[in-house]
Amino acid sequence: MDLRQFLMCLSLCTAFALSKPTEKKDRVHHEPQLSDKVHNDAQSFDYDHDAFLGAEEAKTFDQLTPEESKERLGKIVSKIDGDKDGFVTVDELKDWIKFAQKRWIYEDVERQWKGHDLNEDGLVSWEEYKNATYGYVLDDPDPDDGFNYKQMMVRDERRFKMADKDGDLIATKEEFTAFLHPEEYDYMKDIVVQVGDMYSHDGNTDEPEWVKTEREQFVEFRDKNRDGKMDKEETKDWILPSDYDHAEAEARHLVYESDQNKDGKLTKEEIVDKYDLFVGSQATDFGEALVRHDEF
């Protein structure tokens with residue numbers, strides 16, 4: 001990809017996204033923050049609660065008594081301890097946090113799975129997906145909205161084939177998840193790189209400011225080997241950079257704060273003893289309300 005092609009591919013987006021010719025969209029996939037709360041444990045543990053449970057689930061704990069919160073937390077700990085050795089490691093905690101943060105993805109997959117597994121055999125074939133998604137438009141070569149559904153179907157099929165690891169055009173639930181959310185899977189990153197829309201220069205119109213900025217970024221940062229073009233790996237690093245791992249940082253923080261005997265891992269007792277760091281309750285919610293009231 002040379003500089004000219006690079007500038008034509010600046011507004012990279014997902015397969016379903018459309019953008020105006022001169023509108024810049026954020027094409028870089030970053031690991032999201034774990035919470036929109038400020039991470040300040042001296043003030044409250046709200047950030048930790050959102051990180052550990054997911055924001056929506058964290059709200060449900062605020063309605064529980066401390067005893068109920070501890071009981072539910074104990075059940076969660078049993079799920080986090082993947083090898084059932086009685087300890088929760090940083091890696092197990094990190095995996096749980098990532099699961100909690102991406103619970104919406106799994107809920108989306110479950111919802112779409114029901115609509116596409118037409119024969120209810122626990123698998124979704126390409127034919128099932130195509131018929132469920134595009135069946136009503138394929139017979140109409142000129143839809144009223146003027147949208148090119150056939151082009152979208154071609155992109156979907158390419159993504160489906162990449163997600164389908166064994167190449168049988170039948171997706172397991174894990175493969176279907178990779179198809180719907182390719183940015184979450186390392187082996188799907190190439191397909192994210194391939195999908196994009198382009199900036200086109202219209203006549204005598206001035207070049208948008210963001211194009212000028214990106215040209216400078218290309219020269220300074222994107223073209224790492226300075227050969228005047230971006231190869232596939234450079235393009236992948238641009239779109240899907242290796243970013244700060246918020247889940248790992250939070251997992252280490254939770255272990256550090258709760259590890260009473262400093263052996264680098266947590267027992268269920270250590271976690272439950274520090275339950276207010278991991279989850280909320282009526283007591284912690286009321287206490288934080290008092291702090292806010294005093295500040296006011």
Sub-4.5 Å side-chain heavy-atom contact between Val124 and Ile170
no
Ring centres under 6.0 angstrom apart (Tyr129, Phe179)
yes
Using modelled atom types only, decide if a donor and an acceptor are shared between the side chain of Glu257 and the backbone of Leu254 within a distance under 3.5 Å.
no
Heavy atoms only: give me the nearest Asp50-Ala58 pair and the separation to one decimal.
OD1-CB, 3.6 Å
Atom CD in Glu107, atom NZ in Lys102: separation rounded to 0.5 Å?
14.5 Å
What closest approach, in Å, do Leu53 and Arg103 show between heavy atoms, and which atom pair accounts for it?
O-NH1, 2.9 Å
Within 45° cone of Tyr256 ring axis and under 6.0 Å: Lys262 NZ or CZ:
yes
Smallest separation among heavy atoms of Ala251 and Leu93, with atom names:
O-CD2, 3.7 Å
Distance-only donor-acceptor check, side chains His39 and Asp46, under 3.5 Å:
no
Measuring from Gln112:CD to Thr177:OG1, what's the distance to the nearest 0.5 Å?
10.0 Å
Expected output: side-chain Asp259 to main-chain Gly264 donor-acceptor under 3.5 Å:
yes
All heavy atoms of Ser281 vs all of Ser69, minimum pair found to be CB-OG, 3.3 Å
May I ask whether Phe87 and Tyr275 are part of the same hydrophobic cluster, defined by side-chain heavy atoms of I, L, V, M, F, W, Y residues being less than 4.5 angstrom apart, directly or through others?
no
From Leu73, Leu277, Leu34, residue fulfilling side chain to side chain contact (heavy atoms under 4.5 Å, CB included) relative to Phe52:
Leu73
Would you say Lys84 has more than 12 foreign heavy atoms packed within less than 6.0 Å of its NZ?
yes
Checking Asp156 against Arg159 for the salt bridge (charged side-chain N to carboxylate O under 4.0 Å, His left out) test, could you report, in this order, the C-alpha distance in whole Å, the side-chain angles of both residues, the deciding distance, and whether it holds?
CA-CA 5 Å; Asp156 274 359; Arg159 197 167 79 255; 3.1 Å; yes
Does any non-hydrogen side-chain atom of Glu68 lie less than 4.5 Å from one of Phe61?
no
Are side-chain N/O atoms of His181 and Asp108 paired as donor and acceptor at under 3.5 Å?
yes
Counting heavy atoms not belonging to Arg72, are there more than 12 under 6.0 Å from its CZ?
yes
Kindly indicate, with the supporting measurements, whether the criterion side-chain contact (heavy atoms from CB on, under 4.5 Å) is fulfilled by Tyr47 and Glu250.
CA-CA 10 Å; Tyr47 178 97; Glu250 177 65 11; 3.5 Å; yes
Does Phe99 share a hydrophobic cluster with Phe278, counting links as ILVMFWY side-chain heavy atoms below 4.5 Å and allowing steps through other members?
yes
Could you tell me whether the side chain of Thr133 reaches within less than 4.5 Å of the side chain of Met153, counting heavy atoms only?
no
I need the Thr60 OG1 to Asp62 CG distance, nearest 0.5 Å.
8.0 Å
Do Asp95 and Lys98 sit within salt-bridge range, that is, some charged N less than 4.0 Å from a carboxylate O?
no
Before accepting this row, confirm whether a basic side-chain N of the pair Glu248/Arg252 lies closer than 4.0 Å to the acidic partner's carboxylate O.
yes
Side-chain ion pair, Glu269 and Lys274, N-O less than 4.0 Å:
no
What pair of heavy atoms forms the shortest contact from Glu92 to Asp83, and how long is it?
OE2-OD1, 3.3 Å
Check for me whether the distance between the ring centres of Phe160 and Phe176 falls short of 6.0 Å.
no
Mind checking whether Leu169 and Leu180 sit in one hydrophobic cluster, side chains of I, L, V, M, F, W, Y counted as touching below 4.5 Å?
yes
Beyond-backbone contact of Asn131 with His116, side-chain heavy atoms, under 4.5 angstrom
no
Of the non-hydrogen atoms in Glu128 and Leu123, which two are nearest, and what is the gap between them?
OE1-O, 3.3 Å
Using the rule given for salt bridge (charged side-chain N to carboxylate O under 4.0 Å, His left out), can you reason through Glu110 versus Lys173, listing the C-alpha separation, both sets of side-chain angles and the distance that settles it, and then say yes or no?
CA-CA 9 Å; Glu110 286 296 329; Lys173 187 166 288 187; 2.8 Å; yes
Apply the test salt bridge (charged side-chain N to carboxylate O under 4.0 Å, His left out) to residues Glu67 and Lys70: give CA-CA distance (whole Å), side-chain angles for both, the deciding distance (0.1 Å), then the verdict.
CA-CA 5 Å; Glu67 291 72 25; Lys70 290 178 183 179; 5.8 Å; no
Using modelled atom types and a 3.5 Å cut-off, is there a donor and acceptor pairing between side-chain atoms of Asp117 and backbone atoms of Gly122?
yes
Ring-face cation contact, Trp96 with Lys79, 6.0 Å cut, 45° max
no
Quick one: CD1 on Ile76 to CD1 on Ile271, what's the gap to the nearest 0.5 Å?
10.0 Å
Any chance you could lay out the side-chain contact (heavy atoms from CB on, under 4.5 Å) test for Lys94 and Thr89, step after step, and finish with the verdict?
CA-CA 8 Å; Lys94 179 181 72 173; Thr89 65; over 6 Å; no
side-chain contact (heavy atoms from CB on, under 4.5 Å) assessment of Leu64 paired with Gln282
CA-CA 6 Å; Leu64 304 178; Gln282 291 173 348; 5.7 Å; no
Begin with the C-alpha distance, continue with both residues' side-chain angles, and end with the deciding distance and a verdict on side-chain hydrogen bond (donor to acceptor under 3.5 Å, both in side chains) for Ser44 and His49.
CA-CA 10 Å; Ser44 79; His49 298 168; over 6 Å; no
Could you tell me whether Lys265 and Glu270 make a salt bridge, using a distance below 4.0 angstrom between a side-chain N and a carboxylate O?
no
